[in-house]
Amino acid sequence: MNKFLIVFDFDETIIQHNSDYVILECNPDQSLPEELVHSSEEGCWNEYMSKIFQFLSEKGVKEESMRKVLAETPLTKQMLTLFQFLRESSDLFECIIISDANTFFINSILQANDLSSVFQKIYTNPACIDNKNTLVINPYHSHMCQQCPINMCKRQILHDHLVERTEEEVEFEKIFYVGDGTNDFCPSVVLTATDVIFPRKNYSLHRLISEIKMREPSAFQAQVVPWESAEDILLFLQDCTGR
């Protein structure tokens, strides 16, 4: 039977906002100290977030407070409706998440929205609460890609997932990729003419793809379907599958 793989980014794709900023709502001071605000370096975001988690821990922010704030994070428009369709069509779709967020944020939000069962696999940075009540995040993997953040190349993850599924004798007729950010560009470049990329309208992935297509139309093979609401994705998938 034909099967489709649908890959989701998480921040500003499944959820409306970036979970790294959402978590700052736990901060009892309402603002970060000046030295922390200016300490992030290009390509070292997780190191920066580690300092934030350290700061929140020192301010007495507990795991329950973080989970509560995350649970209240709004999903993007109509995302629940899309997931309802994917749940009902699980014979057709395999759903995975590839995200540079972390297991603590993603699991907290999925559980709060009763969405954990929608996804077969979640590829993200592992996270845990240590004995000082600090959230600790580790890099997902190391890789050779020059374009991607040091801790995650989504193209490599997608490639590895496809290899693993091929070994399990699962072949996908099409890949659908839903994302918004610059780190979603790397995997989208290797999608073929039978695949579909859904870049969120007017976000960086959409801008990057548009620039490339203007400069060199043949450089980008996948069909591009920009979306504002998850309903745009749903209608396309229904049209594709006749459901």
Side-chain angles (χ1 to χ4, degrees), residues 1-14 76 79 82-83 85-86 89-100 118-124 140-141 143-149 152-243:
M1 189 167 102
N2 300 338
K3 204 154 170 87
F4 303 110
L5 177 67
I6 183 159
V7 183
F8 286 89
D9 170 50
F10 191 73
D11 288 323
E12 297 180 302
T13 296
I14 289 177
T76 47
M79 198 49 79
L82 171 60
F83 287 137
F85 168 76
L86 290 170
S89 309
S90 59
D91 57 322
L92 272 186
F93 290 96
E94 175 168 302
C95 304
I96 65 171
I97 290 173
I98 305 179
S99 164
D100 201 4
V118 173
F119 301 98
Q120 275 77 27
K121 282 274 179 80
I122 297 170
Y123 298 100
T124 189
Y140 177 75
H141 63 179
H143 58 83
M144 306 301 286
C145 178
Q146 299 298 307
Q147 277 80 50
C148 287
M152 178 167 286
C153 170
K154 293 188 174 189
R155 171 165 51 176
Q156 185 64 52
I157 295 170
L158 178 58
H159 172 267
D160 292 347
H161 181 79
L162 292 171
V163 167
E164 186 183 313
R165 296 302 275 139
T166 302
E167 286 168 0
E168 292 162 353
E169 299 184 357
V170 178
E171 295 285 348
F172 297 107
E173 186 185 323
K174 254 183 201 303
I175 299 170
F176 299 103
Y177 192 107
V178 186
D180 72 283
T182 48
N183 64 358
D184 295 310
F185 184 71
C186 189
S188 65
V189 173
V190 294
L191 296 177
T192 68
T194 57
D195 302 324
V196 182
I197 177 89
F198 296 98
R200 192 170 180 188
K201 230 177 238 181
N202 302 321
Y203 281 67
S204 47
L205 176 63
H206 186 208
R207 288 193 286 271
L208 274 170
I209 291 172
S210 304
E211 283 166 23
I212 292 278
K213 281 174 82 77
M214 273 172 67
R215 275 207 316 272
E216 201 184 331
S218 61
F220 204 88
Q221 293 181 49
Q223 184 180 353
V224 181
V225 180
W227 64 282
E228 271 181 298
S229 152
E231 188 181 19
D232 302 329
I233 301 165
L234 172 62
L235 292 171
F236 188 92
L237 295 180
Q238 285 173 327
D239 199 40
C240 247
T241 57
R243 288 202 174 180

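For clarity, every value in this text was computed on a predicted model and none was experimentally measured.
Ring orientation note: the planes of Phe176 and Phe236 are nearly perpendicular, at an angle over 60° on the 30°/60° scale.
Closest heavy-atom contact between Thr241 and Phe4: CG2-CE1, 3.6 Å. Shortest non-hydrogen contact noted between Met79 and Thr13 is CE-O, 3.1 Å. When all heavy atoms are compared, the tightest approach of Ser204 to Gly181 is OG-CA, 3.5 Å. Minimum heavy-atom separation, Leu191 to Val196: CD1-O, 4.3 Å. In plain terms, the two heavy atoms of Lys174 and Cys240 that are nearest each other are CE-SG, 4.1 Å.
Side chains of Glu94 and His161: a donor-acceptor N/O pair is present below 3.5 angstrom, by distance only. With no hydrogens or angles considered, a side-chain donor-acceptor pair links Thr192 and Asp195 at under 3.5 Å.
For the pair Gln120 (side chain) and Cys95 (backbone), a donor-acceptor distance under 3.5 Å is present. Checking side-chain atoms of Thr124 against main-chain N and O of Ser99 turns up a donor-acceptor pair under 3.5 Å. Using a distance-only test at 3.5 Å, with no hydrogens or angles considered, a donor-acceptor pair links the side chain of Trp227 to the main chain of Phe198. Using a distance-only test at 3.5 Å, with no hydrogens or angles considered, a donor-acceptor pair links the side chain of Arg207 to the main chain of Asn202.
No more than 12 heavy-atom neighbours from other residues, nucleotides or ligands sit within 6.0 angstrom of CD on Gln146. With a 6.0 Å radius and a threshold of 12 heavy atoms from other residues, nucleotides or ligands, His141 has its NE2 atom above the threshold.
To the nearest 0.5 Å, atoms CG (Leu208) and NZ (Lys213) are separated by 13.5 Å. Taking CD1 from Ile209 and CG from Leu205, the interatomic distance works out to 4.0 Å, rounded to the nearest 0.5 Å. Taking CG of Asp100 as the reference point, atom SG of Cys153 lies at 11.0 Å (rounded to 0.5 Å). How far CG of Leu234 is from CG of Leu82: 6.0 Å, rounded to the nearest 0.5 Å. Residue Ile197 holds its CD1 atom at 10.5 Å from CD1 of Ile175, rounded to the nearest 0.5 Å.
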Stepwise, does the side chain to side chain contact (heavy atoms under 4.5 Å, CB included) test hold for Cys148 with Gln156?
CA-CA 10 Å; Cys148 287; Gln156 185 64 52; over 6 Å; no
Side chain to side chain contact (heavy atoms under 4.5 Å, CB included) assessment of Arg200 paired with Thr76:
CA-CA 11 Å; Arg200 192 170 180 188; Thr76 47; 3.6 Å; yes
Does the pair His143 and Ile157 meet the rule for a side chain to side chain contact (heavy atoms under 4.5 Å, CB included), with working shown?
CA-CA 10 Å; His143 58 83; Ile157 295 170; over 6 Å; no
What verdict does the side chain to side chain contact (heavy atoms under 4.5 Å, CB included) test give for Val118 and Phe8, after you've listed the backbone C-alpha separation in whole Å, the side-chain angles of each residue and the deciding distance to 0.1 Å?
CA-CA 11 Å; Val118 173; Phe8 286 89; over 6 Å; no
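Ionic pairing of Arg243 and Asp91 is present here: one or more N-O contacts between side-chain nitrogen and carboxylate oxygen are shorter than 4.0 angstrom. Salt bridge present: Lys154 and Asp9 bring a charged side-chain N and a carboxylate O closer than 4.0 Å.
No side-chain heavy atom of Asp160 sits under 4.5 Å from any side-chain heavy atom of Glu164. Counting heavy atoms from C-beta outward, Leu237 and Ile6 have side chains that approach closer than 4.5 Å.
Taking the six-membered ring for Trp and the full ring otherwise, Tyr123 and Phe10 have centroids separated by 6.0 Å or more.
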